[in-house]
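Data block below; observations after.
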Amino acid sequence: MIPTIRPNVAYYNHNTAALSPAASLAEAVRVYLAAVPWKPLLQRVPGLLNIALILFCLYAPANAPWAFAFYYSVLHAVFFANVSRTVYGTYVAYTHSKAHSMTDWHARYCREIGAADGSDTAHDLPFDQIMHIVIIPNYKETMDTLCETLDVLASHRRAITQYRVCLAMEESEKGASEKALELLQAYGDSFFEITYTVHPAGRPGEIRGKSSNVAWAATQMAMRGGARHDHEILTVMDADTGFAEDYFTALSYHYAVASPEQRRIMMFAPSTVFDRNAKSVPSFVRVTDMYWSIGVISNLYPTSPVKIPCSAYSVSMDLAISVGFWDAGAEAIGEDMHMYLKCFFSTNGHVIVKTIFSPASQCNIEGEGEGLAGYISGMSARYTQGKRHLWGTLDFGYSIRRTILSYIAPETQRTVQLKNAGVSKFGKEDASASTINPKLLLVLAHRLLECHLLMGQFLVLVALGSLVVPDTNSFLHPVSSLIWSVVSPVASVHPAVKFIITAGFWFRLACVLPSAATFYFYEKYHQWVGFDRWNLQDRSEGIAGRRVDSGSDLSYIPAGVLPGYDQPKVQHLGLRPQLSSPRIYPWAVLDWIATPFSGVFFFIAPQFVAQFSHLFTDQLDYKVAAKPILNRLPAGSAPAVPSTPPPPYSERVSEPMPLSIVSSTIPAAASKLQHIHQHAHHHSNSSNSSNSSSAQALLAKHHQLGSHAFVNMHQLTPAHLKLAAKLDELEVKSNSSSRGDEGYFDETDDAASAASLSFATGMSHTPPLRASLSTSSFSSATVAVPV
């Protein structure tokens with residue numbers, strides 16, 4: 001039932017008292033339109049369009065031939081645009097990924113900024129002071145899966161100084177807190193901080209899923225970060241996602257060299273690759289995920305005006321706070337695209353998205369069982385995942401609603417308020433407009449229609465057109481002749497319909513060539529990011545015996561594509577995930593033959609099912625996708641991949657940590673060192689530099705906190721002492737505020753952000769190290785419990 005529209009009469013009477021009759025009428029219409037329940041109306045639009053398409057395909061060839069020919073040609077033009085952009089995007093991804101792997105991002109930062117090193121405070125935001133907050137939402141994941149993800153992150157050289165890892169647990173998972181505490185004990189000395197949150201079950205207005213969990217975790221991490229967040233970048237990644245070290249160093253580079261205004265509206269979108277367990281899934285599933293990765297890549301080329309991230313991505317903490325964090329309702333089930341759209345509309349299209357060509361390594365979804373039963377289960381699981389992905393069509397209605405309201409009722413929309421907006425510092429043509437650039441809106445509309453409607457409609461139009469229109473040369477002629485006799489008042493087919501169907505066939509046949517080029521560049525991209533760069537890293541670090549399949553291509557580094565590297569040498573990447581699925585030729589080429597079938601089973605069918613379901617509901621029972629089971633090797637075993645994985649979790653932790661010992665010494669020390677780091681970062685413009693060591697400051701902080709903390713010098717690991725020495729250096733050298741020289745934002749911005757943060761979370765800001773684990777607002781093993 002659609003709610004009744006009730007315009008705000010009081011608002012209307014107040015604002016139209018002094019207007020002319022024409023202006024009063026326009027204002028009345030505006031107020032009326034602002035009160036329309038757009039959400040339930042627009043939710044049903046894709047399903048209604050699909051019903052209209054089916055009727056159009058049945059009756060238009062005979063009764064409206066010119067309309068059929070026109071729409072047939074329009075969808076073929078959209079298809080050609082997609083194919084062209086895809087082959088270009090895949091080529092760019094391959095060439096840029098090679099250049100990215102060879103770029104020393106820290107050295108490039110120093111060259112461009114003129115800094116002596118990463119801690120040189122002559123720049124408003126030194127490279128070494130950027131903090132990466134990594135949120136890992138998980139639900140019923142195995143310990144080995146989580147351990148491998150943490151092992152990969154811990155292998156990064158800056159993890160101990162710049163990574164704050166948050167395990168985002170779900171209250172509905174039995175034993176989630178105990179699992180998190182054990183992981184904290186195992187990895188407490190591997191990161192600057194590792195903590196966890198527990199997302200409460202059954203919160204009003206929320207659905208189960210990644211978006212609500214990330215929203216909760218990001219809010220809690222922001223509350224722990226103090227009043228300033230301009231040095232923090234949030235990264236959201238799945239429990240089985242693997243990032244190389246150069247992803248985070250590239251983030252630091254792009255964020256550090258940006259202006260303070262730009263940092264406040266920045267997002268980062270990595271390319272993707274399914275290179276882990278692809279050999280263990282059906283070919284139909286494998287090619288579907290490869291196409292999914294290609295689809296992501298096709299919209300991430302550097303000059304693309306719209307870059308929509310997928311699955312794993314990063315966003316500045318300032319931007320996340322400004323837009324009110326992630327939405328947690330049914331509309332946000334596709335949290336990656338939805339968060340981008342929310343940032344897009346909240347910044348009037350000025351959001352800056354930087355492409356990072358160090359991909360997120362991901363796993364294909366798997367079924368359960370073996371043999372034929374396992375094969376069918378895997379196919380079924382991929383269909384379920386496809387339906388969840390296409391349930392994100394709700395973002396189509398969300399975008400239309402935000403567009404409408406941005407014009408007729410901008411006061412109802414949450415926007416990022418920027419001072420001096422008339423000064424363009426965003427790399428855009430116009431940063432002062434209060435509405436979104438129409439050209440940018442057209443590009444966004446095209447991408448969303450392409451993703452959620454047009455490509456599916458294209459395949460249905462071609463299939464039904466071939467089925468309805470008789471063709472004596474087709475094996476479907478008996479069926480099509482019967483259908484034609486029912487829907488057509490005339491026996492003959494209009495010449496325009498005959499021509500467009502024949503021309504469409506040859507046009508699609510011609511598109512095989514650019515599609516083949518896409519396959520070629522994707523195979524090269526997959527080989528490079530999934531294998532060659534890791535093998536070259538091993539080779540450069542003295543690990544011999546690894547084959548580099550595309551070694552002949554190493555001489556090809558596109559000049560000017562991504563300058564900044566000094567020599568063709570792969571930078572340090574860290575630990576490679578255990579699973580790997582190399583593409584074995586020529587058999588791997590046969591996967592692409594499954595493309596038409598995969599498109600029908602895992603894209604068209606889920607799209608129509610999801611969009612027809614939206615006619616009745618926006619609720620989806622969220623199911624967690626099955627992940628591969630890791631057989632982690634004990635210490636000393638022969639490695640299965642270039643980098644030897646650590647021993648199983650059960651062999652690394654001698655005994656579980658009791659819940660009573662919540663404030664473990666290592667995480668507590670890291671948390672207090674964090675407090676010192678923030679103090680040095682934000683308040684180091686004081687003329688009195690401290691001569692005492694950070695370790696001594698830590699003990700002083702311990703005395704200030706009283707019984708809420710218990711840590712002494714003997715409890716600090718060598719890694720933390722190394723960090724303390726680094727922080728000593730930061731405290732002595734830092735002599736300027738990270739706010740920057742322009743004074744671009746008011747001093748009241750921080751208070752406003754804190755107020756909005758408290759409003760968004762329904763609680764006041766809690767100082768770090770004072771929250772109790774027993775409170776429902778935040779759960780963490782780095783907070784101290786009174787004794």
Side-chain angles (χ1 to χ4, degrees), residues 75-91 93-94 271-275 277-299 310 362-367 375-376 378-387 389-390 450-467 504-527 530 581-609:
L75 288 188
H76 276 73
V78 171
F79 178 72
F80 178 75
N82 176 269
V83 169
S84 302
R85 192 184 73 247
T86 299
V87 66
Y88 173 72
T90 310
Y91 165 77
Y94 168 54
S271 52
T272 60
V273 64
F274 291 86
D275 62 341
N277 63 320
K279 62 186 179 184
S280 304
V281 300
S283 178
F284 297 103
V285 174
R286 188 161 54 246
V287 75
T288 299
D289 288 332
M290 288 192 295
Y291 251 105
W292 193 264
S293 180
I294 289 172
V296 174
I297 290 170
S298 70
N299 94 116
C310 179
Q362 298 179 318
C363 295
N364 303 84
I365 189 172
E366 289 191 0
Y375 191 93
I376 295 174
M379 297 281 283
S380 175
R382 186 60 184 85
Y383 170 81
T384 301
Q385 186 184 51
K387 187 173 72 171
H389 288 161
L390 272 301
E450 186 182 69
C451 177
H452 293 146
L453 278 174
L454 294 185
M455 295 308 295
Q457 291 207 354
F458 168 76
L459 296 177
V460 171
L461 182 66
V462 170
L464 289 183
S466 301
L467 186 64
F505 169 78
W506 291 107
F507 180 84
R508 294 190 300 275
L509 192 62
C511 286
V512 170
L513 292 177
S515 296
T518 297
F519 303 158
Y520 171 79
F521 287 122
Y522 179 79
E523 294 285 3
K524 303 294 284 185
Y525 160 81
H526 184 280
Q527 178 64 29
S581 293
R583 305 276 294 159
I584 307 300
Y585 302 100
W587 306 111
V589 179
L590 299 179
D591 282 338
W592 300 107
I593 299 176
T595 297
F597 305 98
S598 298
V600 172
F601 296 152
F602 303 130
F603 186 81
I604 304 303
Q607 173 184 325
F608 277 73
V609 169

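Nothing fancy with the numbering, it's 1 onward along the sequence.
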### Query
Closest heavy-atom contact between N364 and V281?
CB-CG1, 3.9 Å
### Summary
With sequence neighbours left out, the residues meeting side-chain contact (heavy atoms from CB on, under 4.5 Å) with H76 are Y72, F458, V462, F507, R508
### Summary
Separation between NE2 (H526) and CZ (F274), nearest 0.5 Å, reads 10.0 Å
### Query
Out of curiosity, M379 CE to T384 OG1, how far, rounded to the nearest 0.5 Å?
12.0 Å
### Task
For L590, check side-chain contact (heavy atoms from CB on, under 4.5 Å) against everything at least two apart and list the hits.
W587, I593
### Task
Provide the full list of salt bridge (charged side-chain N to carboxylate O under 4.0 Å, His left out) pairs with a residue in residues 586-607, sequence neighbours left out, each pair given once.
R286-D591, R583-D591
### Query
For S298 and G295, which heavy atoms make the closest approach, and how far apart are they?
OG-O, 2.8 Å
### Summary
Residue set satisfying side-chain hydrogen bond (donor to acceptor under 3.5 Å, both in side chains) with T272, at least two apart, ordered chain then number -> S293
Side-chain atoms of residues 599-608: list all donor-acceptor pairs with protein atoms under 3.5 Å, sequence neighbours left out, distances to 0.1 Å.
residue, atom, partner, partner atom, Å
Q607, NE2, H452, O, 3.3

### Task
To the nearest 0.5 angstrom, please state how far the OG atom of S380 sits from the OH atom of Y375.
13.0 Å
### Task
Please round to the nearest 0.5 Å and tell me the distance separating atom CG of D275 and atom CD of Q527.
10.5 Å
### Message
Among residues at least two apart in sequence or on other chains, which ones pass side-chain contact (heavy atoms from CB on, under 4.5 Å) with Y291?
### Response
V287, F519, W592, T595
### Query
Who pairs with S581 by side-chain contact (heavy atoms from CB on, under 4.5 Å), at least two apart in sequence or on another chain?
A278, K279
## Note on the structure
ring-ring contact (aromatic ring centres under 6.0 Å, His included) filter on Y383, not counting sequence neighbours, yields none
#### Entry: T288 OG1 to H389 NE2 distance, which is reported to the nearest 0.5 Å
11.0 Å
### Query
Taking all non-hydrogen atoms of both residues, which atom of V87 and which atom of A517 are closest, and how far apart?
CG2-CB, 3.6 Å
### Message
Tell me the closest heavy-atom pair linking S515 and V83, and the distance in Å.
### Response
OG-CG1, 4.2 Å
### Summary
Across all chains, not counting sequence neighbours, the side-chain hydrogen bond (donor to acceptor under 3.5 Å, both in side chains) partners of S271 are Y525
### Query
Looking at residues at least two apart in the chain, or sitting in another chain, which of them share a side-chain hydrogen bond (donor to acceptor under 3.5 Å, both in side chains) with Y585?
E523
### Query
Out of curiosity, L464 CG to Q457 CD, how far, rounded to the nearest 0.5 Å?
11.0 Å
